[in-house]
Amino acid sequence: MINKTCFLCVAMLFLGIVVSAQSQEKTTDFSLLEKKIFRLNVLSPGMGFELRTGKFSSLSFSTGVTYMGSVNGMNVRRKSGPTGWNYSFEPFLNIEQKFFYNLEKRSSQGKNTSFNSGNFVALRSLSLGKPIEGNLIRQSDFDFMFLASWGFQRSYNRIHFLFDTGPLFVFDGKGNSGFFPIFFRINLGYNF
């Protein structure tokens, strides 16, 4: 059951990305979005790649190690020890389709749009692997998350800052699932 659900969720996400990318109006070489950006991330150590898919949209891929806490409904338990902060450091793979909505306004006001500096709404798929370190024990070694988010990213010279937030639905390989109404991400990196 979980394999069929996982396959359907991933298939629907990618179908939405393909349809949205093809439904964008045809663009010339002039666009406010960069054609491609390679990025090294610091706060969630890793690397990423962002590729323009339309006049106001991009598809980004990133991988590395991230911090995660516990999510309601995921049957997570704490290792023995003192109570307090719940944490886990886990490898991740993130695939995200961003739709920028204020690039023309930023450009007309003389604000920076380099390296895709703008506000966006996004659909994200996030996969987490077996924890490397932490005080949480998960029921499964793999978690899969789907998010709809609002956020912004800014570049200062080549320094990249990103913030986004939105609801998160998560499930694992054992059939456990959960929902978190406000999930957020902050990242700092360097653009190439």
Side-chain angles (χ1 to χ4, degrees), residues 13-14 16-17 20-21 24 27-69 71 85-129 131-134 143-168 170 180-192:
L13 177 68
F14 284 109
I17 289 170
S20 69
Q24 298 286 330
T27 63
T28 62
D29 283 342
F30 174 75
S31 176
L32 294 172
L33 289 177
E34 304 280 339
K35 286 185 180 180
K36 54 188 169 184
I37 303 167
F38 179 73
R39 186 173 290 133
L40 290 178
N41 294 315
V42 176
L43 294 182
S44 289
M47 62 182 137
F49 182 73
E50 190 166 340
L51 178 68
R52 182 176 72 200
T53 57
K55 187 174 181 181
F56 298 111
S57 64
S58 70
L59 182 63
S60 66
F61 305 89
S62 57
T63 187
V65 176
T66 192
Y67 159 79
M68 289 299 294
V71 177
W85 181 43
N86 293 327
Y87 72 96
S88 180
F89 292 98
E90 305 173 7
F92 74 90
L93 173 64
N94 182 64
I95 302 172
E96 178 175 19
Q97 178 71 46
K98 297 176 186 169
F99 303 93
F100 294 87
Y101 62 85
N102 71 332
L103 292 174
E104 288 178 328
K105 181 179 177 184
R106 286 181 60 80
S107 179
S108 70
Q109 294 175 345
K111 293 182 179 177
N112 181 22
T113 61
S114 66
F115 296 105
N116 302 347
S117 291
N119 297 4
F120 61 86
V121 292
L123 297 173
R124 288 178 61 198
S125 169
L126 179 63
S127 301
L128 300 173
I132 298 168
E133 178 60 43
D143 293 342
F144 306 95
M145 302 178 184
F146 293 97
L147 303 92
S149 63
W150 168 88
F152 62 89
Q153 60 187 28
R154 299 291 187 268
S155 292
Y156 306 97
N157 293 321
R158 291 193 172 268
I159 303 299
H160 172 78
F161 176 77
L162 177 138
F163 171 83
D164 71 344
T165 186
L168 168 143
V170 59
F180 201 73
I182 300 176
F183 181 82
F184 70 93
R185 168 179 60 160
I186 296 174
N187 212 340
L188 187 63
Y190 186 81
N191 295 314
F192 289 93

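All values below come from the heavy atoms of this structure, side chains included, with hydrogens, waters and symmetry mates left out.
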Can you name the closest pair of heavy atoms from [X] and [Y] and give their distance?
{"X": "S149", "Y": "R124", "value": "OG-CD, 4.3 Å"}
{"X": "F144", "Y": "S127", "value": "CD2-OG, 3.6 Å"}
{"X": "F92", "Y": "N94", "value": "CD1-N, 3.9 Å"}
{"X": "L128", "Y": "T66", "value": "CD2-CG2, 3.9 Å"}
{"X": "Q97", "Y": "S57", "value": "NE2-CB, 3.5 Å"}
{"X": "L33", "Y": "G54", "value": "CD1-O, 3.9 Å"}

- Message: Which label fits F161 and F152: parallel for a plane angle under 30°, tilted from 30 to 60°, or perpendicular past 60°?
- Response: tilted
Answer yes or no: is there a donor N or O on one side and an acceptor on the other, between the side chain of [X] and the main chain of [Y], under 3.5 Å?
{"X": "S117", "Y": "S155", "answer": "yes"}
{"X": "S60", "Y": "F49", "answer": "no"}
{"X": "T165", "Y": "F183", "answer": "yes"}

How many angstroms lie between atom [atom1] of [X] and atom [atom2] of [Y], to the nearest 0.5 angstrom?
{"X": "L93", "Y": "T63", "atom1": "CG", "atom2": "OG1", "result": "5.5 Å"}
{"X": "N187", "Y": "F163", "atom1": "CG", "atom2": "CZ", "result": "12.5 Å"}
{"X": "L126", "Y": "L168", "atom1": "CG", "atom2": "CG", "result": "7.5 Å"}
{"X": "L59", "Y": "L123", "atom1": "CG", "atom2": "CG", "result": "11.0 Å"}
{"X": "K98", "Y": "L162", "atom1": "NZ", "atom2": "CG", "result": "5.5 Å"}
{"X": "F184", "Y": "W150", "atom1": "CZ", "atom2": "CH2", "result": "13.5 Å"}

- Message: Determine whether the aromatic ring centres of residues F120 and F100 are separated by less than 6.0 angstrom.
- Response: yes
- Is the number of heavy atoms from other residues, nucleotides or ligands within 6.0 Å of CD1 (I132) greater than 12? yes
- Task: Sort out for me which residue in K36, R39, K35, E34 forms a side-chain contact (heavy atoms from CB on, under 4.5 Å) with E50.
- Result: R39
- Quick one: do E96 and D164 satisfy side-chain contact (heavy atoms from CB on, under 4.5 Å)? Show the steps, please. CA-CA 12 Å; E96 178 175 19; D164 71 344; 3.7 Å; yes
- Task: May I have the step-by-step check of side-chain contact (heavy atoms from CB on, under 4.5 Å) for L40 and F192, ending in yes or no?
- Result: CA-CA 8 Å; L40 290 178; F192 289 93; 3.6 Å; yes
- Residue pair N119, R154: steps toward the side chain to side chain donor-acceptor pair (under 3.5 Å) verdict: CA-CA 9 Å; N119 297 4; R154 299 291 187 268; 2.9 Å; yes
- Item | Full working for side-chain contact (heavy atoms from CB on, under 4.5 Å) between L103 and F56 | CA-CA 8 Å; L103 292 174; F56 298 111; 4.1 Å; yes
